[in-house]
Trainee: 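Below you will find the structure I want to go over with you.
Index from 1, following the sequence. Note that ligands are numbered from 1 as they come in the structure, with each ligand's atoms numbered from 1 the same way. Values below: every heavy atom of this structure, side chains too, minus hydrogens, waters and symmetry copies.
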Amino acid sequence: MPQTSRVLVVEDDALVRRAYERVLAPDHEVTSVGTGVEALAVLGGAPFGAVVSDIDVPGLTGIELLKAVRSADSSLPIVLVTGCPSVESAQDAVNFGAFGYLTKPVEPTALREMVTRALGARSRPANDLPHHETMPLHRTKVDASLESRLANALDTMYMAFQPIVSYGERRVLGYEALLRTEEKSLVRPPDMLDAAEKLGRLDELGRRARRKVAEAIPRAPKDARFFINLHARDLRDPELLDPKGPMAPFADRVVLEVTERASIEEVDDLSERVSALRAMGFWLAIDDLGAGYAGLTSLTRLEPEVVKLDMSLVRDVDTNHTKQQLIRSVVGVCRDLSMLVVTEGVETTSERDTLVELGCDVFQGYLFGRPQKEFVLPTF
Ligand code: G
Ligand code: MN
């Protein structure tokens, strides 16, 4: 194997990229690119000793890049860098054999040390066996663990229901169904969804969740609505449009939440599917608006009946003037468009009172009720 100290940096932020180059250039030959696709192209053309990649790069995430590189070259050390450390990405990084994991802002010394160690690992065999024999063994073991953890997560999954209220009318309008599991390593819904996606069991997860909600509906207050989270992929699942599907009999009481974080653009014939869902009686909601991902495009694409404001906008709204102005404007726009605004994550009476002044009435949050296995009535 050719030994080289060439380092590939993959980072979309030009300033951060420059900073890494400055740290690494004195000791190494550095090539830097801004997207995962460019990275793959460059890697295909020349030998590298190590890669430093941001986790969130356009075109191909660091994790996807890691997977792609792993399938072609099992020993190239890859160091992943993330701006928001989460169990999720750390787990992925480990599962796919990342050499190391750094969090932003990256300390120059930490970066230098990690890259030096990575280059060292590249030039020295891990043990007597050639890499192509050790790496797949290692991966099979970790993947098997993910498989059994996901299986356990699916076996022990249940739905928790959190009330959504009209504060003015002091009554419950409905409940959001939230995914829960007893499997400790996958308790965060995004972790469980990622595992399911990775192992091709996403449709199954969505179907199980909707069946569980359907089973619970008869126990709920008579006129309550049900807010159900959809993964963008669920929009493609024919089961959702099947008149015999578990949700179909309740469609006129069901609001399907599509998160603003999801890439609904990837769904072919999105407008046809959405029209078909509406024809069945479903309402649609944009979830997590303001969390800062797709901007407002999802509003124009889906023209939802309901808009759920992300809790990051709600937190400390009582003291944050900018958040107050933002919410006032969004509430105004939604009123003009006849969209119902739900404010999520309301925790204090002070946040609630400020939101009322800003024109909000429909709330969800710990102040009114936590997610629970049964349909608990809210406290006012
Ligand atoms: O992304 P989505 O809006 O579907 O997720 C809602 C999540 O927010 C649930 O996991 C729920 O438990 C959590 N949640 C609900 N109300 C509150 C709240 O008042 N504060 C906080 N911190 N989290 C909340
Ligand atoms: Mn939601």
Side-chain angles (χ1 to χ4, degrees), residues 84 86-88 153 157-165 167 172-184 186-194 196 205-206 209-210 212-213 224-235 247 254-264 282-294 298-299 302 304-318 323 327 330 339-356 360 362-380:
C84 55
S86 73
V87 187
E88 189 187 346
M157 76 177 256
Y158 62 95
M159 305 308 290
F161 299 95
Q162 184 178 33
I164 296 175
V165 305
Y167 183 61
V172 64
L173 296 184
Y175 293 85
E176 177 169 1
L178 294 158
L179 182 63
R180 296 290 184 262
T181 177
E182 305 286 355
E183 168 56 43
K184 294 279 179 294
L186 298 174
V187 282
R188 289 182 61 249
D191 292 344
M192 186 166 165
L193 288 161
D194 268 13
L205 172 54
R210 294 192 291 275
K212 283 185 189 290
V213 175
R225 289 185 181 272
F226 303 94
F227 293 70
I228 296 175
N229 293 290
L230 289 189
H231 190 280
R233 278 275 298 272
D234 288 320
L235 282 171
M247 281 292 111
V254 170
V255 183
L256 300 172
E257 296 188 8
V258 181
T259 175
E260 194 209 31
R261 297 163 201 253
S263 37
I264 50 172
F282 291 111
W283 278 14
L284 288 155
I286 292 296
D287 202 3
D288 309 318
L289 191 86
Y293 290 78
S298 46
L299 266 191
L302 285 186
E305 282 80 4
V306 178
V307 169
K308 298 188 81 178
L309 293 192
D310 190 66
M311 66 178 93
S312 58
L313 277 178
V314 170
R315 189 64 54 249
D316 303 324
V317 65
D318 43 336
K323 290 185 183 179
I327 292 190
V330 173
M339 295 171 183
L340 176 76
V341 175
V342 179
T343 358
E344 292 186 296
V346 183
E347 292 183 356
T348 68
T349 50
S350 185
E351 286 169 353
R352 177 200 65 198
D353 293 345
T354 307
L355 290 166
V356 169
C360 303
V362 182
F363 299 134
Q364 179 180 356
Y366 294 165
L367 180 64
F368 301 96
R370 287 180 176 259
Q372 298 192 50
K373 281 188 182 175
E374 287 308 321
F375 296 94
V376 176
L377 288 176
T379 49
F380 289 104

Trainee: Would Q364 count as a polar contact of ligand 1, with the cut-off being nitrogen or oxygen pairs under 3.5 Å?
Mentor: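 No.
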
Trainee: Taking ring pair (Phe, Tyr, Trp, His ring centres under 6.0 Å) as the definition, give me every residue that meets it alongside F227, ordered by chain and number, with sequence neighbours left out.
Mentor: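 Result, ring pair (Phe, Tyr, Trp, His ring centres under 6.0 Å) vs F227: none returned.
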
Trainee: Contact between L256 and W283 at the side-chain level, heavy atoms closer than 4.5 Å - yes or no?
Mentor: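 Sidechains of W283 and L256: no contact.
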
Trainee: Just which atoms of ligand 1 are under 4.0 Å from any heavy atom in E347?
Mentor: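 Close to E347: 18 (C), 19 (O), 20 (N), 21 (C), 22 (N).
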
Trainee: Taking all atoms of both residues into account, what is the closest heavy-atom pair of S298 and I286, and its distance?
Mentor: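 S298 and I286 have their closest heavy atoms at CB-CD1, 3.6 Å.
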
Trainee: Give me the atom names and distance for the closest heavy-atom approach of V314 to G345.
Mentor: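 Looks like CG1-O, 3.9 Å.
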
Trainee: Of the side chain and backbone of R370, name the one, both, or neither that has a heavy atom under 4.0 Å from an atom of ligand 1.
Mentor: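 Neither; nothing of R370 gets under 4.0 Å from ligand 1.
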
Trainee: Below 30° counts as parallel, above 60° as perpendicular, anything between as tilted: where do the rings of Y167 and F380 land?
Mentor: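 Tilted, since the angle between the ring planes falls between 30° and 60°.
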
Trainee: For ligand 1, which atoms sit closer than 4.0 Å to a heavy atom of Q162?
Mentor: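 Contacts of ligand 1 toward Q162, numbered from 1: 15 (C), 16 (N).
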
Trainee: For A160 versus R180, what's the shortest heavy-atom pair and its separation?
Mentor: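 Of all heavy-atom pairs spanning A160 and R180, the closest is CB-CG, 3.8 Å.
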
Trainee: One residue to check: E351. Relative to ligand 1, which of side chain, backbone, both or neither has a non-hydrogen atom less than 4.0 Å away?
Mentor: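 Under 4.0 Å from ligand 1, E351 contributes no heavy atoms.
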
Trainee: Do D318 and R352 meet the salt-bridge criterion of a basic N to acidic O distance under 4.0 Å?
Mentor: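 Salt bridge absent between R352 and D318.
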
Trainee: Indicate, as side chain, backbone, both or neither, the part of D287 found under 4.0 angstrom from ligand 1 when only non-hydrogen atoms are considered.
Mentor: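 Side chain only.
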
Trainee: In chain order, what residues pass the side-chain hydrogen bond (donor to acceptor under 3.5 Å, both in side chains) check against E183, with sequence neighbours excluded?
Mentor: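 Applying side-chain hydrogen bond (donor to acceptor under 3.5 Å, both in side chains) to E183 gives N152, S185.
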
Trainee: Using a 4.0 Å cutoff against the non-hydrogen atoms of P371, which atoms of ligand 1 qualify?
Mentor: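 Reading through ligand 1 atom by atom, the close ones are 12 (O).
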
Trainee: Under 4.0 Å, heavy atoms only, figure out whether ligand 1 is touched by the backbone of L178, its side chain, both or neither.
Mentor: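 It is the side chain that gets close, since no backbone atom is under 4.0 Å.
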
Trainee: Have a look at Y366, F368, F363 and point out the one with the heavy atom closest to atom 19 (O) of ligand 1.
Mentor: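 Going through Y366, F368, F363 one by one, Y366 has the nearest heavy atom to atom 19 (O) of ligand 1.
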
Trainee: Looking only at non-hydrogen atoms, find the nearest pair between D234 and N229 and report the distance.
Mentor: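 Where D234 meets N229 most closely, the heavy atoms are OD2-O, 4.5 Å.
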
Trainee: List every atom of ligand 1 that sits less than 4.0 Å from any heavy atom of G365, numbering the atoms from 1 in the order shown and giving each element.
Mentor: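 Those of ligand 1 that fall under 4.0 Å from G365 are 16 (N), 19 (O).
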
Trainee: Which residue pairs pass the salt bridge (charged side-chain N to carboxylate O under 4.0 Å, His left out) test with at least one member in residues 363-373, sequence neighbours excluded?
Mentor: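 Listed by first then second residue: nothing to list.
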
Trainee: Under 3.5 Å, is there a donor on one side chain and an acceptor on the other for D287 and T259?
Mentor: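 There is no such pair between these side chains.
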
Trainee: Which of the atoms in ligand 1, numbered in the order shown and given with their element, are less than 4.0 Å from a heavy-atom of N229?
Mentor: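 Selected atoms, number and element: 4 (O).
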
Trainee: What protein N/O/S atoms lie closer than 2.8 Å to the Mn ion (ligand 2)?
Mentor: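 Checking every protein N, O and S atom gives E176 OE2, N229 OD1, E257 OE1, D287 OD2.
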
Trainee: Between T343 (side chain) and Q364 (backbone), is there a donor-acceptor pair under 3.5 Å?
Mentor: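 It does not hold such a pair.
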
Trainee: For ligand 1, which atoms, with element, lie under 4.0 Å from some heavy atom of M311?
Mentor: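 Answer, ordered by atom number: 8 (O), 13 (C), 14 (N), 21 (C), 22 (N), 23 (N), 24 (C).
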
Trainee: Which ligand 1 atoms does D288 reach within 4.0 Å, using its non-hydrogen atoms?
Mentor: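 That gives atoms 1 (O), 2 (P), 3 (O) of ligand 1.
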
